[in-house]
Number of protein chains: 2
Amino acid sequence: MLTGVDLATEGVDRFQLIVNTSAKLFSEKGFDRTSIRDIASAAGLLPGSLYYYFKSKEEIFLEVHSQGMKILSDAAREAIAPHKDPWCKLEALAVAHSQVLLDDSGFMFMVAARFPECIAEQNQILMKQRDEYEAIIAEVIGELDLAADIDSDVFRLQFLGALNWAQTWYRKDRGMAPKDIGKHLVKILCSAHNGTVREK
Amino acid sequence: MLTGVDLATEGVDRFQLIVNTSAKLFSEKGFDRTSIRDIASAAGLLPGSLYYYFKSKEEIFLEVHSQGMKILSDAAREAIAPHKDPWCKLEALAVAHSQVLLDDSGFMFMVAARFPECIAEQNQILMKQRDEYEAIIAEVIGELDLAADIDSDVFRLQFLGALNWAQTWYRKDRGMAPKDIGKHLVKILCSAHNGTVREK
DNA sequence: GTCTATATAGGGATAGAC
DNA sequence: GTCTATCCCTATATAGAC
């Protein structure tokens, strides 16, 4: 509009097209097995052209990670906002997490166990983005009526593990739907404490 | 003894030395980022020499996976054997799993989310080895007094996810010990049903 | 059995034309 | 901004000497 440049051809600009394409491929094949040539080809460009937008493959990863974590954090905050009961918040959070994680936008590969061994310096950035998201979860868990001998940090990590692992077994065409996977987990965990997940 | 060949130099034969070394490196850096050169170097051989024992990197992976799953299955069976109460069995299983997963032998990277895109044919072999182990868990879970609205398959997958995810956050030098990580998870899950894990 | 040497392929990244 | 062409490195794997 302002510049008069028509970006509507792709619906998004080239930068974002590359990010979206990369996210999808990283998600499908993993970072290591996705080549610059793969990304370029899928985005309808030639390899050299990518370097106009990003100075390295690692930088593409950083952008995908950053956007992905923002999507996840936003979804989490929006999901818990309407609720007061902490178990309801946790359920809403689990549902949101599962849905973002398992939908096919491909943005959530980045909860993968290992980063592509970035330089330590950049790893700090990734860790900070993750910590921000985990803080949201930690706050909800802090409000739960957990038994004294439950470690809330380990509770959070095992909660996230149970959800994230679904990436390895979830199939879109059969079995439980993403939102039900989230609900199921909280049902398992909550019956230990309140009996049911229902707004008080 | 029988052949008179002295294999005591390394404590194990070359074949097993390569397997052990590979397991450790795969565990530390992942399959993709571990090169044949890395393995050879760590094992004190030159790259070409590996091909006397294995015809490809993929074949090394298959052997590591096979041995690793055997270690895990054996540990699981041994752990649950002394118990009668199903929740005690599950706890014993969780403890055994965590210990094998998180010790530093490095054999357990293979619970990683993705296989190194082997040929479909060989993937069948890997899946069979995993299914065998999961059957042990499924049997124990089948004996639990779970609520009617709990899906025992999803329960198993979320249980395994919570445990396997510890690979991403466990640190040998701080935090909870492996066996306590296993116990903690079952405590969370069991209090939903029996109150405590204790032999009846 | 282990080594040296190398074939062959694919990767990330860059220079410079257009 | 995108393409062509290519550099350079690293990877797996092999052939054949020892």
Side-chain angles (χ1 to χ4, degrees), chain A residues 1-23 25-26 28-65 114-119 121-122, chain B residues 2-23 25-26 28-65 114-119 122:
Chain A
M1 286 270 268
L2 290 171
T3 61
V5 176
D6 181 18
L7 296 175
T9 318
E10 243 80 37
V12 288
D13 61 26
R14 285 277 201 251
F15 180 91
Q16 195 56 41
L17 175 65
I18 293 168
V19 172
N20 294 346
T21 304
S22 302
L25 290 173
F26 291 165
E28 285 166 10
K29 315 200 300 174
F31 178 83
D32 289 317
R33 279 185 285 271
T34 301
S35 70
I36 288 286
R37 287 168 169 86
D38 291 336
I39 296 169
S41 162
L45 295 169
L46 287 175
S49 308
L50 295 188
Y51 290 89
Y52 176 77
Y53 299 96
F54 297 93
K55 76 175 206 298
S56 69
K57 186 182 170 188
E58 219 168 64
E59 207 182 66
I60 298 177
F61 176 83
L62 290 174
E63 183 60 28
V64 173
H65 187 275
R114 270 171 240 271
F115 295 129
E117 312 276 316
C118 291
I119 295 85
E121 184 191 345
Q122 296 182 311
Chain B
L2 291 170
T3 61
V5 176
D6 182 20
L7 296 174
T9 319
E10 243 82 35
V12 287
D13 61 27
R14 285 276 203 253
F15 180 92
Q16 194 57 41
L17 175 66
I18 294 168
V19 172
N20 294 346
T21 305
S22 301
L25 291 173
F26 290 165
E28 285 166 11
K29 315 202 298 174
F31 178 82
D32 288 317
R33 279 185 286 271
T34 301
S35 69
I36 289 285
R37 288 170 168 86
D38 290 337
I39 297 169
S41 162
L45 295 169
L46 288 175
S49 308
L50 295 188
Y51 290 88
Y52 176 77
Y53 299 96
F54 298 92
K55 77 174 204 299
S56 71
K57 187 183 169 189
E58 218 170 64
E59 206 181 68
I60 297 178
F61 177 81
L62 290 174
E63 182 61 28
V64 172
H65 186 276
R114 270 172 240 272
F115 293 128
E117 311 277 315
C118 291
I119 296 85
Q122 297 181 310

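The chains referred to below are lettered A, B, ... by the order of the sequence lines, with proteins before strands, and numbering in each begins at 1. Quick caveat, the model's predicted, so the values are computed rather than measured.
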**Asked** Roughly how many Å is it from CG in D32(B) to C1' in dT10(D), rounded to a whole number?
**Response** 14 Å
**Complete:** Sequence neighbours excluded, the answer for side-chain hydrogen bond (donor to acceptor under 3.5 Å, both in side chains) partners of D38(B) is K29(B), S35(B)
**Message:** For the CD1 atom of I18(B) and the OG atom of S49(B), what is their distance to the nearest 0.5 Å?
**Reply:** 8.0 Å
Could I get a table of every N or O pair under 3.5 Å where one atom is in the protein and the other is in nucleotides 6-8 of chain D?
none

**Prompt:** Between K57(B) and F31(B), is NZ or CZ placed under 6.0 angstrom from the six-membered ring centre and within 45° of the ring axis?
**Reply:** yes
**Item:** Length of the line joining Y53(B):OH and dT14(D):P, which is rounded to integer Å
**Value:** 17 Å
**Prompt:** How many Å lie between CZ on F15(A) and C1' on dG1(D), as a whole number?
**Reply:** 15 Å
**Prompt:** When you measure from the side chain of S35(B), which nucleotide among dG12(C), dT2(C), dA11(D) comes out closest?
**Reply:** dA11(D)
**Item:** Of L46(A) and K57(B), the one whose closest DNA chain D nucleotide lies more 5'
**Value:** L46(A)
**Message:** Whole angstroms only, please: what is the CZ-C1' distance between F61(A) and dA13(C)?
**Reply:** 20 Å
**Message:** Just the rounded figure in Å: distance from P of dT10(D) to NZ of K29(B).
**Reply:** 13 Å
Could I get a table of every N or O pair under 3.5 Å where one atom is in the protein and the other is in nucleotides 14-18 of chain C?
none

**Request:** Quickly work out the L17(B) CG to dT2(C) P distance and round it to whole Å.
**Result:** 10 Å
**Request:** Identify which nucleotide among dT2(D), dT2(C), dG12(C) has an atom closest to any side-chain atom of I36(A), counting heavy atoms from C-beta outward.
**Result:** dG12(C)
